[in-house]
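To start, the structure itself, in structure tokens.
Values reported hereafter were calculated over all heavy atoms of this structure, with side chains retained and with hydrogens, waters and symmetry mates removed. Quick note: residue numbers are just sequence positions, from 1. Bear in mind that the values here come from a model prediction, so they are computed numbers and not experimental data.
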Amino acid sequence: MMQITDQVSSKSIQIVELDPQIDSRWDAFVAGHPDGLVYHHSAWLEVLKREYDHEAIRLAAINADGQICGVLPLTYVRGLPFGGRGHATRRRLASLSRTPVAGPLASDNRVAVALVQAACERIQGQPKMALELKLWTTAINGLMHGLTCLPWSPTYLVTLPARLQDLRFGNSENHGKIKWAIKKATKQGVRVRPAETVADLQSWYELYLETMRWHATPARPYRFFKSCWDLLRSRGMMRLLLAEQDEGGQSRLLAGSMFLMFGQTVFYAFNGRHREDLELRPNDVIQWHAIHDACSAGYRYYDMGEVAEGNTGLVSFKLKWGAKPQEIYRIYYPVSSSLEAHSTESAADDDTRRLRGGIWQFVLDQRHHIDATWQRLPLPTTAALGDWFHRFL
């Protein structure tokens, strides 16, 4: 345990490890913080534990009144056993594994620094271990020495208006095109409904596996989504929207998307679809409903997720909904030689792109060799390979 003295109030802060599943102060603090995300919540931490029971550290800052004034959830990551010397192969303490962003959540910068310093202490004496923080801003980097901050693949963020009637997707022409596409899809019998049963989840997971196979991308295991269903859905922190087509009194599943939400932000997290049904615009209909629902529910932000470098088609899809690129960052400690050599904005060479590519870079580097093979694999095989792959992340 470390102590830092508040020079203004002379009150001390203690950094402790606690169990958010038992200590209700954790979620109360996350819920009351304007930047609290679903990824800080104890339910998400339990989802990750059920997916892979990796060793975890949950740091909390406790003030003199015994109240939490900051949290930092961390998970030990094994690192990929292949792919060269990139950061994705390093053992690290991350915030968090298999999570886009979940850095320190604190009442002020002083508390955030105390949490990060405590995290750095946890890896000292382990020369092959690194700390990886996934952040919205570079604020911590400017407050502490010895850290290296790198820009990551941008996420695409829609800022939602306070009133539903003010919701618009770009200019009037773009908004009109989207409305026309939604009306056409509706006339073709495309409907959206929330998943209601585990059978719905299982049917969607087959679509998700098919989609990930087509993109030659390792899929998350079914138990991860079942844990989301069991732990998040009942709390109103997860929705699975399904697009179906009504044909002769029968419904056929076309696509589905999973959304995670808490605080001020809804995350568009996972998608599965039949490729041959894309002309019916099921993903457009899902997005239309999801964004309108998020605005009606009072959320301020709708995060459409990251886009890998070069995927112009996906960028266009997100831009048409009014999403704007938002930089996110990775902060590392200690500084490795490769990170130090490419920590400035001028380092825009292959090694920098490799670092920005992150955990998928090995797959991307070999894509021209493995795409065709991966797309021919049976779905259970791709599921098993994806399960094996993600346990290192």
Between H215 and T217, is there a donor-acceptor pair closer than 3.5 Å when you use the side chain of the first and the backbone of the second?
no
Parallel, tilted or perpendicular, judged at 30° and 60°: which one describes the rings of H292 and W288?
tilted
Close side-chain approach of P73 to W26, heavy-atom, < 4.5 Å:
yes
Residues forming a salt bridge (charged side-chain N to carboxylate O under 4.0 Å, His left out) with D293, sequence neighbours excluded
R239
Is it the case that Y332 and E132 place a side-chain donor and acceptor less than 3.5 Å from each other?
yes
Only counting residues at least two apart or in another chain, list the ones meeting side-chain contact (heavy atoms from CB on, under 4.5 Å) with T138.
C149, Y329
Answer yes or no: does atom CD of Q250 have more than 12 heavy-atom neighbours from other residues, nucleotides or ligands under 6.0 Å?
no
Heavy-atom closest pair (F259 atom, A290 atom, distance to 0.1 Å) is CZ-CB, 3.5 Å
Tell me if a side-chain donor or acceptor on E244 pairs with a main-chain N or O of L253 at a distance below 3.5 Å.
no
Please verify the inter-ring angle class for Y52 with H54; under 30° counts as parallel, over 60° as perpendicular, anything in between as tilted.
parallel
Would you confirm whether Y205, through its side chain, and Y222, through its main-chain N or O, come within 3.5 Å as a donor-acceptor pair?
yes
Mark yes or no for whether S42, through its side chain, and D27, through its backbone, hold a donor-acceptor pair below 3.5 Å.
no
Contacts of T265 meeting side-chain contact (heavy atoms from CB on, under 4.5 Å) (sequence neighbours excluded), chain-then-number -> L37, F267, Y301, D303
Please say yes or no: joined through hydrophobic side-chain contacts below 4.5 Å, possibly via intermediate residues, are V101 and F270 part of one cluster?
yes
Is L164 reachable from M261 through a run of I, L, V, M, F, W or Y residues, each pair having side-chain heavy atoms under 4.5 Å apart?
yes
Can you run down the salt bridge (charged side-chain N to carboxylate O under 4.0 Å, His left out) pairs that involve residues 252-272, sequence neighbours left out, and say none if there aren't any?
E247-R252, R252-D277
Any salt bridge (charged side-chain N to carboxylate O under 4.0 Å, His left out) pairs touching residues 374-391, not counting sequence neighbours?
R223-D387, D387-R391
Derivation of the side chain to side chain donor-acceptor pair (under 3.5 Å) call for Y302 and Q287
CA-CA 10 Å; Y302 184 87; Q287 291 297 328; 2.6 Å; yes
Mark yes when over 12 heavy atoms from residues, nucleotides or ligands other than E276 sit less than 6.0 Å from its CD; otherwise mark no.
yes
Heavy-atom closest pair, residues R25 and G66
NH1-O, 2.5 Å
Could you check whether any side-chain N or O of H390 sits under 3.5 Å from a backbone N or O of P218, counting only pairs where one atom can act as donor and the other as acceptor?
yes
Sequence neighbours excluded, the answer for salt bridge (charged side-chain N to carboxylate O under 4.0 Å, His left out) partners of K226 is D230
Among V158, L319, N174, which one satisfies side chain to side chain contact (heavy atoms under 4.5 Å, CB included) with F169?
N174
Which atom of L96 lies closest to which atom of A102, heavy atoms considered:
CD1-CB, 4.1 Å
Please enumerate all residues that pass side-chain contact (heavy atoms from CB on, under 4.5 Å) together with D166, with sequence neighbours excluded.
P161, R163
Non-neighbouring partners of E327 that pass salt bridge (charged side-chain N to carboxylate O under 4.0 Å, His left out), sequence neighbours left out
none
Tell me which donor-acceptor pairs under 3.5 Å the side chains of residues 179-190 have, and how far apart each pair is, sequence neighbours excluded?
{"from": "T186", "atom 1": "OG1", "to": "I182", "atom 2": "O", "distance (Å)": "2.8"}

Are the side chain of D35 and the backbone N or O of L105 linked by a donor-acceptor pair below 3.5 Å?
no
Residue pairs passing the salt bridge (charged side-chain N to carboxylate O under 4.0 Å, His left out) test with at least one member in residues 310-324, sequence neighbours excluded, are D284-K320
Would you say S234 and W229 are linked by a side-chain donor-acceptor pair, where the criterion is simply a distance under 3.5 Å?
no
Is there side-chain contact between I178 and W321, with at least one heavy-atom pair below 4.5 Å?
yes
Derivation of the side chain to side chain donor-acceptor pair (under 3.5 Å) call for T99 and W44:
CA-CA 10 Å; T99 300; W44 176 256; 3.1 Å; yes
My understanding is that only residues two or more places apart in sequence, or in another chain, count here; which of them pass salt bridge (charged side-chain N to carboxylate O under 4.0 Å, His left out) with E51?
R98, R220
Looking at the rings of W204 and F225, which for Trp means the six-membered one, are their centres under 6.0 Å apart?
yes
With Q67, which residues qualify under side-chain contact (heavy atoms from CB on, under 4.5 Å), at least two apart?
N63, D65
